[in-house]
Amino acid sequence: MKSKYSLPQDGGLIVEGTPKDIIHRYEKIPTSIFESESDGVNYVADVIVEAICEHEKSGGKRLFALGLTTGQTPLGVYRELVKRYQRREVSFKGVEVYSLDEFYPIKAAEQQSRNYRIHEDFLSHVDILPENVHIIDGSVPVDKVSEYCAAYDHMARNIDLMVIGFGVQGQIGFNEPGSYAKSTTRMVQLTYQSRKAQSGLFFGVENTPKMAITMGLNTVMNAKRIILMAWGEDKAEIVRKVVEGEATTLIPASMLQNHPNIEAVVDDPAADCLTAKKAPWLVGPCDWTPRLVRKAVVWLCSVVKKPILKLTYKDYIENSLGALLDAVGISYDSVNIKVFNDLQHTITGWPGGKPNADDSTRPVPSTPFPKRVVIFSPHPDDDVISMGGTFIRLVEQGHDVHVAYETSGNVAVHDDVVIQNLDTARELGFGDHVDEVRKIIASKKKGEPEPRALLDIKGAIRRAEARAAVRSFGLNENTNAHFLNLPFYETGGIKKGQRTDKDIEIIIDLLQKVKPHQIYLAGDLADPHGTHRVCTEAVLEALSRLEGEAWLKDCVVWLYRGAWMEWEIGMVDMAVPLSPDELIKKRHAIYRHLSQKDIVPFPGDDTREFWQRAEERTQNTARLYDLLGMAEYQAIEVFVKMKL
């Protein structure tokens with residue numbers, strides 16, 4: 001299914017009629033920005049198919065050489081290429097493929113190997129000839145590795161098109177920060193950072209290979225054409241460094257800036273830190289919508305370190321915002337006061353609307369009251385972590401609030417937590433299954449999905465925690481907490497399946513039952529194939545299929561953020577302030593998710609607990625509002641309204 005999740009564009013750089021040299025003036029690698037990953041994927045697939053077909057027409061005797069990588073970034077491209085092959089738009093019989101890297105040591109049949117993945121995701125579904133598939137061999141005897149790498153490097157020196165992604169540190173393949181520009185195909189030692197990033201595939205850092213074989217930067221530079229891909233906001237900062245920063249071996253992908261035929265292809269979230277998106281007024285002419293004006297004023301406040309109402313004409317002129325004044329007027333009222341009032345009106349203590357109140361400047365209408373509300377939570381704790389304060393207010397203010405836990409979250413429960421829960425049941429006299437479950441845990445095999453019996457127990461633990469959390473602030477956990485257990489998630493491993501009609505139908509059933517006036521969704525734009533993104537797109541697909549339903553005409557979708565990132569103030573449509581006591585209530589609700597406290601199998605680089613991340617994020621948002629001249633609050637949860 002095509003991605004349905006992208007934020008609407010509201011103002012920005014005027015591309016049509018503006019010379020390309022101006023649009024790309026800050027870019028050292030020409031960059032194409034697409035509204036969604038799906039659009040970017042289609043563009044890259046177009047380039048690949050066109051290049052293969054042109055090569056065939058030219059009558060060249062040699063095969064078309066295509067360089068590829070694995071991972072999440074190219075997954076959409078591979079799926080699209082398979083569709084085009086199935087539609088007979090392209091044949092891969094005249095193509096040879098070279099892979100970028102491989103773990104070492106690892107066998108091709110192991111599910112974590114690059115070899116397995118590239119076949120599973122792409123090669124096994126097209127007509128490429130086996131003898132034309134050149135995948136780095138991770139099982140070469142160690143005393144033969146140098147000789148093997150030299151031979152592989154020689155073969156890979158004639159690649160026509162290299163299509164690759166890069167890591168959050170700018171890694172190309174396993175060329176870690178510090179890799180030298182003239183590096184060739186070789187064995188490398190993986191940093192702890194890289195092993196940790198890959199540990200989810202191997203069920204722990206301790207099981208993750210310490211070595212890998214990778215093409216070198218010089219090998220990649222020999223390709224006739226290179227397409228660099230990046231999707232999702234977690235890549236935004238590194239995209240800026242690669243595309244606009246200085247070339248440095250500390251960011252390997254930046255070393256490709258000198259390639260004569262290279263292009264970066266990114267989606268809108270991944271482009272967020274590029275100057276053309278972050279501060280388009282520095283690049284060229286802009287469409288000055290009210291939202292862009294607000295964004296520019298907030299940006300200016302951060303540059304000159306002043307609140308909105310203290311900005312001067314000189315501040316605007318000296319920071320390239322003269323065009324803004326030309327567009328909206330140079331009076332104090334036309335910019336400063338207007339933006340100040342605009343932001344002030346986003347703040348409300350009544351996220352469901354205040355009854356019998358003048359709602360002309362409020363983000364939520366006062367009627368109907370009470371409202372029917374559905375909060376979609378990708379995992380069984382995202383609701384309280386991400387918008388717990390707002391959730392509590394909606395319940396306490398009398399709305400009919402339902403929470404829908406979209407996935408079981410079972411793989412995020414540590415085995416020790418399972419034993420502890422069963423031991424508690426044994427101590428209470430409710431049955432002794434400890435030894436039985438210990439045997440199931442002992443039967444687990446490295447790299448294979450967890451046994452279903454164990455996953456069922458872990459899912460039950462997370463359901464009990466979610467019920468306890470919402471019960472702590474008064475929601476009826478028996479009637480208003482819904483556990484959807486979307487099938488796409490239930491693979492038993494880190495790699496999830498694709499969403500299907502079964503997932504959509506489950507969501508449609510709930511929506512038709514509740515007929516909500518408000519829907520809250522996770523607005524995470526990182527990792528297009530991650531659980532949060534897939535869950536959100538599943539809800540949007542369900543809503544699109546319900547088009548025409550009478551209740552949907554009055555329904556508003558609000559997007560919240562996860563524990564790691566927050567909406568920029570310039571984008572916010574509703575800001576819900578939290579008092580110190582409400583912040584503690586939210587914290588206590590998060591505490592109920594005991595299996596996620598202290599011991600989390602996949603915590604990433606952030607060692608803070610979820611409640612700490614949530615509090616620091618919302619308190620920082622409150623500080624930003626304060627610095628802009630708004631009232632000072634303990635914490636603020638913010639939301640973006642999504643137009644259906």
Side-chain angles (χ1 to χ4, degrees), residues 294 298 341-355 357-366 369-377 382-403 469-470 472-475 516-524 555-563 565-590 610-611 613-642:
R294 188 213 285 185
V298 171
N341 288 337
D342 179 30
L343 269 177
Q344 187 72 41
H345 294 157
T346 65
I347 301 173
T348 180
W350 295 82
K354 187 174 183 179
D358 177 7
D359 58 14
S360 58
T361 60
R362 293 176 178 271
V364 181
S366 58
F369 190 94
K371 289 183 174 65
R372 295 185 300 275
V373 179
V374 175
I375 297 170
F376 282 97
S377 180
D382 289 312
D383 54 334
V384 290
I385 290 172
S386 303
M387 54 167 290
T390 303
F391 194 165
I392 291 168
R393 284 207 172 198
L394 287 165
V395 172
E396 292 183 345
Q397 290 170 0
H399 298 283
D400 179 19
V401 183
H402 295 256
V403 58
V470 298
S472 73
F473 52 80
L475 190 77
H517 301 102
Q518 285 188 336
I519 293 173
Y520 289 85
L521 286 180
D524 299 285
C555 183
V556 176
V557 175
W558 293 101
L559 300 174
Y560 63 81
R561 291 291 228 162
M565 294 182 178
E566 188 57 282
W567 296 118
E568 289 185 2
I569 300 299
M571 295 181 64
V572 172
D573 292 302
M574 179 168 69
V576 181
L578 309 182
S579 69
D581 287 343
E582 287 170 327
L583 200 61
I584 290 173
K585 280 185 182 179
K586 173 179 176 176
R587 184 192 304 173
H588 287 169
I590 297 173
F610 286 120
W611 69 267
R613 303 179 198 183
E615 286 191 11
E616 289 180 24
R617 183 194 64 165
T618 54
Q619 287 174 332
N620 182 61
T621 301
R623 281 192 293 273
L624 291 175
Y625 266 82
D626 181 32
L627 291 171
L628 292 170
M630 308 290 129
E632 184 176 359
Y633 295 102
Q634 179 69 28
I636 296 179
E637 294 176 343
V638 293
F639 303 85
V640 169
K641 184 188 292 186
M642 188 174 197

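All values below come from the heavy atoms of this structure, side chains included, with hydrogens, waters and symmetry mates left out. Quantities reported herein were computed from a predicted structural model and do not represent experimental measurements.
Applying the salt bridge (charged side-chain N to carboxylate O under 4.0 Å, His left out) rule to Lys585 yields the partners Glu396; only residues at least two apart in sequence or on another chain are considered. Residues satisfying the side-chain hydrogen bond (donor to acceptor under 3.5 Å, both in side chains) criterion with Asn620, sequence neighbours excluded, are absent altogether. Annotation: side-chain contact (heavy atoms from CB on, under 4.5 Å) contacts of Pro355 (sequence neighbours excluded): Trp350, Phe369. Listed by chain and number, the residues in a side-chain contact (heavy atoms from CB on, under 4.5 Å) with Tyr625 are Leu343, Thr346, Ile347, Ile569, Val572, Ala575, Thr621, Met630, Ile636, Val638 (sequence neighbours excluded). The side-chain hydrogen bond (donor to acceptor under 3.5 Å, both in side chains) test applied to Gln518 returns Tyr520, not counting sequence neighbours. Looking at residues two or more places apart in sequence or on another chain, you find a side-chain hydrogen bond (donor to acceptor under 3.5 Å, both in side chains) between Arg587 and Glu615. Under the rule for a salt bridge (charged side-chain N to carboxylate O under 4.0 Å, His left out), the partners of Asp342 that lie at least two apart in sequence or sit in another chain are Arg294. Contacts of Arg372 classified as salt bridge (charged side-chain N to carboxylate O under 4.0 Å, His left out), with partners at least two apart in sequence or in another chain: none.
For residues 619-628, there are no salt bridge (charged side-chain N to carboxylate O under 4.0 Å, His left out) pairs, not counting sequence neighbours. Applying the salt bridge (charged side-chain N to carboxylate O under 4.0 Å, His left out) definition to pairs two or more places apart or across chains, those involving residues 384-394 are Arg393-Glu582. Residues in residues 569-580 take part in these salt bridge (charged side-chain N to carboxylate O under 4.0 Å, His left out) pairs, two or more places apart or across chains: Arg291-Asp573. Among residue pairs with one or both ends in residues 628-639, those qualifying as side chain to side chain donor-acceptor pair (under 3.5 Å) are Thr390-Glu637, Lys586-Glu637; sequence neighbours excluded.
Rounded to the nearest 0.5 Å, atoms CG (Leu559) and NZ (Lys641) are 11.5 Å apart. Between atom NE2 of residue His588 and atom CG of residue Leu583 there is a gap of 10.0 Å, rounded to the nearest 0.5 Å. The line from NZ of Lys371 to OG of Ser366 is 7.0 Å long, rounded to the nearest 0.5 Å. Taken to the nearest 0.5 Å, the CG atom of Leu475 stands 9.0 Å off from the CG atom of Asp400. To the nearest 0.5 angstrom, Gln344 atom CD is 11.0 Å from Leu628 atom CG. To the nearest 0.5 Å, atom CG of residue Leu521 and atom CD1 of residue Ile375 are 10.5 Å apart.
Using a 4.0 Å cut-off between charged nitrogen and carboxylate oxygen, Arg617 and Glu566 count as a salt-bridge pair.
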Working for side chain to side chain contact (heavy atoms under 4.5 Å, CB included), residues Val640 and Tyr560: CA-CA 7 Å; Val640 169; Tyr560 63 81; over 6 Å; no

Evaluation steps, side chain to side chain contact (heavy atoms under 4.5 Å, CB included), between Val364 and Met574: CA-CA 8 Å; Val364 181; Met574 179 168 69; 3.5 Å; yes

Steps toward side chain to side chain contact (heavy atoms under 4.5 Å, CB included) verdict (Met387, Trp558): CA-CA 11 Å; Met387 54 167 290; Trp558 293 101; over 6 Å; no

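A side-chain N or O of Asp358 and one of Ser360 form a donor-acceptor pair less than 3.5 Å apart.
Residues Ala589 and Ala469 come closest through the heavy atom pair O-CB, 3.4 Å. The two residues Gly352 and Leu394 have their closest heavy-atom pair at N-CD2, 3.6 Å. Nearest heavy-atom pair across Pro370 and Gly398 is CB-O, 3.2 Å.
In this structure, the side chains of Val470 and Phe391 come closer than 4.5 Å at one or more pairs of heavy atoms. Using a 4.5 Å heavy-atom cutoff, the side chains of Pro363 and Thr348 are in contact.
Proximity of a side-chain donor or acceptor of His345 to a complementary backbone N or O of Asn341 within less than 3.5 Å is detected.
Here the rule is side-chain contact (heavy atoms from CB on, under 4.5 Å) with Met642, and of Ile519, Val557, Val556 only Val557 fits it.
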